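Heads up: the structure comes next, in structure tokens.
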Amino acid sequence: MRVIERDFYRRDPRTVAVELLNKLLLRDGRGGRIVEVEAYGGSNDPGSHAYRGPTERNATMFGPPGHLYVYFIYGTHWCCNAVCSEGTEAGAVLVRALAPLYGLDEMRARRLRGRRDRDLCSGPAKLCQALGIEGADDGADLVTGDRGIVIADDGTPSPAVPGQSPRIGLSAGITTPWRWYVPGEPNLSRPG
DNA sequence: ACCGGGATGTTCT
DNA sequence: GAACATCCCGGTG
């Protein structure tokens with residue numbers, strides 16, 4: 001089990017997204033395997049929060065790679081991204097689903113509505129709730145683990161042929177298929 | 001199983 | 001004032 005180093009993130013978000021599949025997202029020992037991701041930003045992406053330039057909310061996206069960009073959505077939910085690319089490119093990878101592996105009891109307790117284990121982390125806001133990621137974690141360093149949040153490699157390779165589809169929940173930027181997932185995985189935010 | 005709508009508040013126009 | 005990288009619940013079949 002090795003924490004992923006900074007240079008991994010210093011690339012195009014689409015490349016990073018595919019390679020993040022089957023890595024581990026962990027907070028204080030709880031978490032699981034990344035099974036669904038989406039890439040944002042980079043070259044002129046109208047679906048990205050960074051599209052209209054830096055603001056107070058998206059500042060972390062314009063910062064150094066290897067940090068966590070956390071945003072609040074629909075008045076109730078947090079979602080988290082791994083920042084990649086170099087500063088002005090403002091790329092990021094949204095983690096959309098985990099296969100839960102560690103700290104199951106604690107994740108169940110944090111997600112009162114999650115009856116079945118497949119409800120724990122099968123969505124971008126669900127997994128943040130299960131792991132306890134929220135606004136205060138925006139900007140956390142995934143390489144040093146300064147707030148207990150890391151992405152690690154346990155030797156499981158990314159799928160040779162990942163599933164691919166348009167991104168979910170957008171009104172702009174739905175034409176580009178920048179969502180990837182582990183084929184056949186039951187813990188997706190929605191089927192393939 | 002599938003579908004429709006409400007919650008809830010920050011961000012940006 | 002509208003949009004929003006979502007989730008949950010209660011309807012119906």
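Computed from a predicted model, the values in this text were never measured in an experiment.
- Around the CZ atom of A:Arg118, the shell of radius 6.0 Å holds no more than 12 heavy atoms that belong to other residues, nucleotides or ligands.
- Nearest to the side chain of A:Thr76, among B:dT8, C:dC7, C:dA5, sits B:dT8.
- For the pair A:Arg11 and A:Phe8, the cation sits on the ring face: its NZ or CZ lies under 6.0 Å from the ring centre, inside 45° of the axis.
- In this pair, A:Tyr40 lays its aromatic ring flat on the base of C:dA5, centres within 5.5 Å and planes under 30 degrees apart.
- The base of C:dA5 sits within donor-acceptor range of the side chain of A:Tyr71, with an N or O pair under 3.5 Å.
- A:Arg57 comes within 4.0 angstrom of the backbone, heavy atoms only, and of no base.
- In terms of position along DNA chain C, the nucleotide closest to A:Ile73 lies nearer the 5' end than the nucleotide closest to the other residue of the pair A:Ile73 and A:Gln129.
- For A:Met61, whose side chain is taken as the heavy atoms from C-beta onward, the closest listed nucleotide among C:dA5, B:dG9, C:dT6 is C:dA5.
- When the nucleotides C:dC7, B:dC12, C:dC4 are ranked by their closest atom to the side chain of A:His77, C:dC7 comes out on top.
- Here A:Ser189 lies out of heavy-atom contact (under 4.0 Å) with every strand.
- A donor-acceptor contact under 3.5 angstrom links the side chains of A:Asp138 and A:Thr60, judged on distance only.
- Checking C:dA5, C:dC8, C:dC4 against every side-chain atom of A:Arg96, the shortest atom distance belongs to C:dA5.
- Looking at which nucleotide of DNA chain C each of A:Lys126 and A:Ser171 is closest to, the 5′-most match is held by A:Ser171.
- One finds no salt bridge joining A:Glu185 and A:Arg33 here, because no Lys/Arg side-chain nitrogen approaches an Asp/Glu carboxylate oxygen to under 4.0 Å.
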